[in-house]
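Numbers for residues simply follow the sequence, beginning at 1.
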Amino acid sequence: MGIRGLMSFVEDHSNEFFTDLKLRDTKIVIDGYALFHRLSFNSNLELRYGGDYDSFADIVQNFFESLFACNICPYVVLDGGCDISDKKLTTLKDRAREKIQMAHSLSVGGSGYVCPLLIREVFIQVLIKLQVCFVQCFSEADRDIMTLANHWNCPVLSSDSDFCIFDLKTGFCPLNSFQWRNINTIKGTQNYIPAKCFSLDAFCHHFSNMNKALLPLFAVLCGNDHINLPIMETFLSKARLPLGATSSKGRRHHRILGLLNWLSHFANPTEALDNVLKYLPKKDRENVKELLCGSMEEYQQSRVKLQDFFQCGTYACPDALNLGLPEWVLVALAKGQLSPFISDALVLRRTILHTQVENMQQPNAHRISQPIRQIIYGLLLNASPHLDKTSRNALPPQPLAFSEMERINKNIKTSIIDAVELAKDHSDLSKLTELSLRRRQMLLLETLKVKQTILEPIPASLKLPVAVSCYWLQHTETKTKLHHLQSLLLAMLMGPLTAIINSPGKEELQEDGAKMLYAEFQRVKVQTRLGTRLDLDTAHIFCQWQSCLQMGMYLNQLLSTPLPEPDLTRPSAFNTLNEDIWRHTKYGGTLYISRLYSGSLVHGLCQQLLASTSVESLLSMCPEAKQLYEHLFNATRSYAPTEIFLPKGKSNSKKKRQKKQNTSCSKNRGRTTAHTKCWYKGNNRFGLLMDENLEEHSEASDLE
């Protein structure tokens, strides 16, 4: 995120440092990380409930449609994994701590900005659907963005103050003054987006025509993401920096102003650096000089030519190539088909588990998905001999060890996790794609502890989310209740409902039922946003589910998607379905676009199911949605703990008897047991009757 305080400093001098633009008919290089954060935090989205991904997807789509309307051709560049040198580790830890504090604030009703866990995946899915060109860099993207923008002579769109330091030919447009929601028209025909463009020439002119080449030294002296040396305080305290005009923004702005005025007296970086070192103890000078010069290099041209990727599909990053990684891995990373999580695990053997809005008094929500990560680490163990030296810098000499940066209470801790040693044919990453689909799918489902037969009636695009839900249900630490499971499955119906509404040829009665149910779900969602108090235990349970889904997706991607990638965004209005779409044998991932999780809806449904609403009454207005729900519920219920199906008020003795009778069920995962189903008779809140033999069996049961 660049130099703290610099962005607000230059914006305080907006009239001097910025020019007005009417942006149209141009390419633009977009900092993807900055964009999805900006859209997530500045669009009035609900952040407490784990992500309203449908609403976020709408906003992303609207943003790019505004660009298209002005004939602006976007190229999105995303950050990849952490830098090989790991020089930002201190910054990453500081931000992780800040995120924990903000997540805690949100969890108790305060304010804060925490991106939902799957926001990046949703963002990429929208880019793919809209056919927006994008690339995922091997590590940090700033230099690559600058180099590409200068090659194409087009502006950069970001909120990172580092772009005030880069020498950009066409300038830098800050996101907070990019008025994409306010398209204007010239002469009634030509659309444009009002924007402001930072002028490096005007900036340097303001400071006595300072040499532009001095700005990288200014950045590292001021303290950026790559360097923050305590010893520099010695220089800053002794140099008696000229402040110029007084600033109202406190110490940080005073420092920025003083440094810029001081540096403006020097002709070039060498002269300025020599003067900086004079203020330091002699024993520290060489080491500090080396660190400062290395950090200043971060503002020079990149050797990566992203134009080759966008024009020819080839991505060549020298740092990545030197590591000797398999070609298919490098291609998948560049195309965003593998997450930076995988890159970090490969290169540094260290991953960061991002904090959600969860219960800070419980173990972090990612603990539940650790077994999935251990399989991922096992697949990455022997990627390349060139990686050994790199990763050993961050870890003790343990051949199976990976480190995870995670939340412990309200702080962060690095835990050492051992990878699972896999069979020989799974331990060569370069040949992983050569394994048959069946074997890759088998490894995925064995990791999730799910039988393939249970997924046969499930639509292709929902197989992975259902398998992940089965994994989630098998872990007793989740403390899952029936209404949690029901709410998740009901929320998965939003996609199909939209598909019915937008599908031609449907009978009016079917369409009306779908519209009624969709409207009811929307009402629940809105009502939840209007001040419903967050249930921390429920939030934690759904954070655990999202962690399972995230890691399930990453493992699925690493195995070259033996199950279709779940679609996290809302269904497109132009998508149509054939007449057999609702027959489970005809469901296909290419036709059905699911919307998996809307936090406000899921939490709201939990409240309703706990109060008075039943699943049966909700779904009675739309038989087709009811049928899909039955398939989803049938697939997941045999993996759930028996106790979640017990009606309230049953005695402990009957619960113990039920547990004993259900022993055979736990040994026979994958089958639907009549005994489990009988708990649903007479209590619609707990589920739906899904078998014509249920009535007969319930009469023979001893539950009464």
Scan [range] for pairs that pass salt bridge (Lys or Arg N to Asp or Glu O under 4.0 Å), counting only residues two or more places apart or in two chains.
range            : value
residues 42-53   : E46-R48
residues 550-559 : none
residues 457-474 : none
residues 524-536 : D54-K525

Query raised in the report: Can a donor-acceptor pair be found between the side chains of S403 and T414 at a distance below 3.5 Å?
Result: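 No, T414 and S403 have no side-chain donor paired with an acceptor closer than 3.5 Å.
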Please name the pair of heavy atoms, one in [X] and one in [Y], separated by the smallest distance, quoted to 0.1 Å.
X    : Y    : answer
I372 : T447 : CA-CG2, 3.9 Å
D79  : P340 : O-CG, 4.0 Å
A539 : V357 : CB-O, 3.9 Å
L333 : S339 : CD2-O, 3.8 Å
I454 : P457 : O-CD, 3.5 Å
F56  : S40  : CE1-N, 3.9 Å

Query raised in the report: Given the rule in the side-chain contact (heavy atoms from CB on, under 4.5 Å) test, do K449 and Y639 qualify, once you have shown the distances and angles that lead to the verdict?
Result: CA-CA 9 Å; K449 303 176 185 176; Y639 288 86; 5.8 Å; no
Query raised in the report: Are R367 and E477 ion-paired here, with the side-chain N under 4.0 Å from a carboxylate O?
Result: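 Judged by the 4.0 Å cut-off on N to carboxylate O distance, R367 and E477 do not form a salt bridge.
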Side-chain touch [X]/[Y], heavy atoms, less than 4.5 angstrom:
X    : Y    : value
I124 : L78  : yes
R181 : S43  : yes
D567 : L596 : no
W545 : V602 : no
L563 : L445 : yes
S487 : L609 : yes
P564 : L464 : no
V76  : F123 : yes

Where the side chain of [X] meets the backbone of [Y], is there a donor-acceptor pair that is under 3.5 Å apart?
X    : Y    : answer
Q544 : I368 : no
T498 : M494 : yes
H475 : S369 : no
S105 : Q101 : no
N359 : L536 : no
E406 : L353 : no
N62  : D58  : yes
Q356 : C543 : yes
R407 : N409 : yes

Report task. If the plane angle is over 60° it's perpendicular, under 30° parallel, otherwise tilted; pick one for Y33 and H37. Result ->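 Judged by the thresholds at 30° and 60°, the geometry between Y33 and H37 is tilted.
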Report task. Indicate the ring-plane relationship of F63 and W180, choosing parallel, tilted or perpendicular according to the 30° and 60° boundaries. Result ->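 If you compare the ring of F63 with that of W180, the planes turn out perpendicular.
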Query - Residues which pass salt bridge (Lys or Arg N to Asp or Glu O under 4.0 Å) with E98, listed by chain and number, not counting sequence neighbours - result: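 Scan of E98 (salt bridge (Lys or Arg N to Asp or Glu O under 4.0 Å), adjacent residues dropped) gives R4.
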Query raised in the report: Partners of R440 by salt bridge (Lys or Arg N to Asp or Glu O under 4.0 Å), sequence neighbours excluded?
Result: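 With sequence neighbours excluded, R440 shows a salt bridge (Lys or Arg N to Asp or Glu O under 4.0 Å) to no residue whatsoever.
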Set of residues satisfying ring pair (Phe, Tyr, Trp, His ring centres under 6.0 Å) with respect to [X], sequence neighbours excluded:
X    : result
F542 : H484, H603
H104 : none
Y377 : F402

Euclidean distance, [Y] [atom2] relative to [X] [atom1], rounded to 0.5 Å:
X    : Y    : atom1 : atom2 : value
K410 : T355 : NZ    : OG1   : 12.5 Å
T351 : I417 : OG1   : CD1   : 8.5 Å
L605 : L610 : CG    : CG    : 11.0 Å
L559 : L379 : CG    : CG    : 5.5 Å
M551 : I375 : CE    : CD1   : 14.0 Å
R95  : H354 : CZ    : NE2   : 11.5 Å

Report task. Would you check, one step at a time, whether the test side-chain contact (heavy atoms from CB on, under 4.5 Å) holds for S415 with Q370? Result -> CA-CA 11 Å; S415 303; Q370 185 183 105; over 6 Å; no
**Report entry** E565 CD: over 12 foreign heavy atoms closer than 6.0 Å
**Finding:**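 Yes, CD of E565 has more than 12 neighbouring heavy atoms, counting only those of other groups under 6.0 Å.
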Query - side-chain hydrogen bond (donor to acceptor under 3.5 Å, both in side chains) contacts touching residues 108-128 (sequence neighbours left out) - result: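 side-chain hydrogen bond (donor to acceptor under 3.5 Å, both in side chains) check on residues 108-128 returns R120-Q136, E121-Y554.
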Requested in this report: Show your working on side-chain contact (heavy atoms from CB on, under 4.5 Å) between E404 and H366 and close with a plain yes or no.
Outcome: CA-CA 10 Å; E404 296 182 338; H366 292 289; over 6 Å; no
Query - Qualifying residue, where the test is side chain to side chain contact (heavy atoms under 4.5 Å, CB included) with I59 and the options are N44, V126, L45 - result: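 The residue from N44, V126, L45 that satisfies side chain to side chain contact (heavy atoms under 4.5 Å, CB included) with I59 turns out to be L45.
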**Report entry** Any residue meeting side-chain contact (heavy atoms from CB on, under 4.5 Å) with E520, in chain and number order, not counting sequence neighbours
**Finding:**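 For E520, the residues satisfying side-chain contact (heavy atoms from CB on, under 4.5 Å) (neighbours in sequence not counted) are R523, V524, Q608, L618.
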Query - Any residue meeting side-chain contact (heavy atoms from CB on, under 4.5 Å) with K335, in chain and number order, not counting sequence neighbours - result: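 K335 satisfies side-chain contact (heavy atoms from CB on, under 4.5 Å) with F309, V331, Q337 only.
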Query raised in the report: When you look at Q557 and I342, which way does the side-chain contact (heavy atoms from CB on, under 4.5 Å) test go after all the steps?
Result: CA-CA 10 Å; Q557 291 169 352; I342 299 297; 5.7 Å; no
